[in-house]
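What follows is a short report on a single structure.
Quick note: residue numbers are just sequence positions, from 1. All values reported here derive from a predicted model rather than from experimental measurement. Hydrogens, waters and symmetry mates play no part in the numbers below; they use all other heavy atoms, side chains included.
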Amino acid sequence: MPEQPYEPERAIAGTGMGGAMDLGASEAVTLERAPGPAGPTGAGGPAGRPRSLWSDAWRDLRRDPVFLLSALVIVFLIVISVRPSVIASGSPLTCDLAKARDGAGPGHPFGYDGQGCDVYTRTVYGARASVTVGVLATLGVAVLGSVLGGLAGYFGGLWDSVLSRVTDIFFAIPVVLGGLVLLSVVTSNTVWPVIGFMVLLGWPQISRIARGAVITAKQHDYVQAARALGASDARILLRHITPNAVAPVIVVSTIALGTYIALEATLSYLGVGLKPPSVSWGIDISAASPYIRNSPHALLWPSGALAVTVLAFIMLGDAVRDALDPKLR
């Protein structure tokens with residue numbers, strides 16, 4: 001059969017559905033070309049890099065004033081937690097009873113508390129305990145809850161049933177009451193008993209979220225394809241499910257961090273959290289409460305620092321949630 005001459009004006013392209021469609025010359029040439037990298041405005045983003053949930057989220061966060069403001073506050077808190085001497089030259093344990101409950105003065109803008117300690121210095125140093133407890137408790141809760149919940153959601157069966165019943169038991173324990181009971185017998189004045197208590201009672205929430213995210217992710221086609229190709233359970237969990245199920249865990253953990261900071265202050269206020277000579281906003285609020293009428297400054301400054309810190313982490317969590325939620329795009 002003689003070869004038919006090529007007619008650019010009447011190029012024929014298969015539709016992939018058993019039919020054909022007529023194309024002009026320019027369209028036919030385009031189909032014959034190998035796909036190149038996406039341009040600056042293409043789906044791949046600048047320089048042909050593929051777009052992902054994380055890159056889109058970071059782009060949105062950089063434009064979100066709520067995220068930028070909360071991030072600046074949190075960075076400042078981390079800096080003074082690591083090096084409080086940067087903005088406070090004195091010692092939080094140096095007190096003078098002759099100046100007890102005095103107001104603000106030169107070099108002491110926040111005044112003195114009931115023991116004659118500088119409120120400004122103690123407020124600055126109090127950030128270290130609160131941030132340390134909040135960050136370490138959040139990491140512990142996120143890791144423990146994600147591992148247990150992820151395994152339960154992936155394997156199901158008896159493991160899932162047992163974990164669900166255990167989490168129900170932990171959800172029935174009031175957090176503050178549990179802290180009063182468990183921490184009242186602890187004599188250590190370090191942050192570790194408080195962190196351990198928060199991890200013990202905080203992991204069920206993250207476990208439920210991780211379990212639901214893994215159950216949703218393992219039903220997707222890419223997981224079924226990996227399993228059909230012979231991928232092991234460990235590879236599927238680490239390479240395919242975890243990157244696509246970790247977003248809700250990050251969002252909830254970020255918001256919970258502020259909650260753990262407030263919980264530490266509450267337990268310290270009640271006398272079962274951090275104990276003197278540790279410096280904590282909860283301890284200072286508790287010590288200043290009886291003098292709120294005569295010396296409100298000793299109570300308002302640590303309370304204000306605590307409120308700003310908790311608000312900053314909650315705002316950060318809200319911004320991250322909005323950036324990682326595809327339904328809001």
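The hydrophobic cluster containing I215 does not contain V162, counting ILVMFWY residues as joined when their side-chain heavy atoms lie under 4.5 angstrom apart, directly or transitively. Hydrophobic clustering (ILVMFWY, side-chain heavy atoms < 4.5 Å, transitive): Y120 and Y125 are in distinct clusters. Both L270 and I195 are members of a single hydrophobic cluster when ILVMFWY side chains are connected at heavy-atom separations under 4.5 Å. One hydrophobic cluster holds both I314 and F67 under the rule that ILVMFWY side chains link at heavy-atom gaps under 4.5 Å. Under the 4.5 Å side-chain heavy-atom criterion for ILVMFWY residues, no single connected hydrophobic cluster contains both L69 and I74.
Under the 4.5 Å side-chain criterion, counting only non-hydrogen atoms from C-beta, V175 is in contact with L263. The shortest distance between side-chain heavy atoms of L200 and L182 falls below 4.5 Å. S253 is not listed as a side-chain neighbour of V141, based on a closest heavy-atom distance of 4.5 Å or more. Residues V119 and P302 meet the side-chain proximity criterion, which asks for heavy atoms closer than 4.5 Å. Counting heavy atoms from C-beta on, the side chains of L274 and V191 come closer than 4.5 Å. At least one side-chain heavy atom of I250 sits less than 4.5 Å from a side-chain heavy atom of T254. Side-chain contact between L300 and P296: present, with at least one pair of heavy atoms (C-beta onward) separated by less than 4.5 Å.
Note that the CE atom of M315 and the CG atom of L68 stand 10.5 Å from one another [nearest 0.5 Å]. Expressed to the nearest 0.5 Å, how far OG1 of T216 lies from CG of N244 amounts to 11.5 Å. Here the CD-CD1 distance, from Q224 to I236, works out to 8.5 Å after rounding to the nearest 0.5 Å. Remark: I283 CD1 to L267 CG distance equals 11.5 Å, nearest 0.5 Å. Taken from OG1 in T121 to NE2 in H108, the straight-line distance is 7.5 Å, to the nearest 0.5 Å.
Of the possible donor and acceptor atoms, none in the side chain of K218 sits under 3.5 Å from a partner among the backbone N and O of F155. Proximity of a side-chain donor or acceptor of W281 to a complementary backbone N or O of T123 within less than 3.5 Å is detected. Looking only at distances, a side-chain donor or acceptor of T242 sits under 3.5 Å from a matching main-chain atom of L237. A donor-acceptor pair under 3.5 Å is absent between the side-chain atoms of T94 and the main chain of G90, judged by distance alone. In this structure, H297 contributes its side chain and D102 its backbone to a donor-acceptor pair below 3.5 Å. The backbone N or O of Y269 sits less than 3.5 Å from a side-chain atom of S286, completing a donor-acceptor pair.
Pairing each heavy atom of P277 with each of L93, the nearest pair is O-CD2, 3.6 Å. In this structure, A127 and I80 approach most closely via the heavy-atom pair CB-CD1, 3.9 Å. Residues G202 and Y260 come closest through the heavy atom pair CA-OH, 3.8 Å. Across L163 and A152, no two heavy atoms sit closer than the pair CD2-CB, 3.4 Å. In terms of heavy atoms, T190 sits closest to S188 at OG1-OG, 2.9 Å. Between D113 and R122, the shortest heavy-atom distance links the atoms OD2-CD, 3.7 Å.
Neither side chain, S280 nor S278, offers a donor N or O lying under 3.5 Å from an acceptor on the other.
Under the ring pair (Phe, Tyr, Trp, His ring centres under 6.0 Å) criterion, Y222 pairs with H220, not counting sequence neighbours. Residues that satisfy the ring pair (Phe, Tyr, Trp, His ring centres under 6.0 Å) test with F197, not counting sequence neighbours, are absent from this structure. Under the side-chain hydrogen bond (donor to acceptor under 3.5 Å, both in side chains) criterion, R235 pairs with no residue, sequence neighbours left out.
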Evaluate side chain to side chain contact (heavy atoms under 4.5 Å, CB included) for I261 paired with L257, printing each intermediate quantity in order. CA-CA 6 Å; I261 292 177; L257 201 158; 3.7 Å; yes

- Item | Derivation of the side chain to side chain contact (heavy atoms under 4.5 Å, CB included) call for L72 and F76 | CA-CA 6 Å; L72 287 176; F76 173 74; over 6 Å; no

Check step by step if side chain to side chain donor-acceptor pair (under 3.5 Å) holds for Y154 and D233. CA-CA 9 Å; Y154 183 78; D233 291 332; 2.8 Å; yes

CA sep, side-chain torsions, deciding dist, call: W159, L148, side chain to side chain contact (heavy atoms under 4.5 Å, CB included)
CA-CA 9 Å; W159 172 254; L148 295 179; 3.9 Å; yes

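Atom CD1 of I292 has 12 or fewer heavy atoms from other residues, nucleotides or ligands within 6.0 Å. More than 12 non-hydrogen atoms from other residues, nucleotides or ligands lie less than 6.0 angstrom from CZ of R62.
Identified under the side-chain hydrogen bond (donor to acceptor under 3.5 Å, both in side chains) test for residues 199-212, with sequence neighbours left out: D160-R211, T167-R208, D168-R208. Listed by first and then second residue, the side-chain hydrogen bond (donor to acceptor under 3.5 Å, both in side chains) pairs involving residues 303-320 amount to none (not counting sequence neighbours). Within the structure, every pair that satisfies the side-chain hydrogen bond (donor to acceptor under 3.5 Å, both in side chains) test and touches residues 127-147, not counting sequence neighbours, is listed here: S130-E264.
In this structure, R101 forms no cation-pi arrangement with Y112, as its terminal cationic atom is not both closer than 6.0 Å to the ring centre and no more than 45° off the ring axis.
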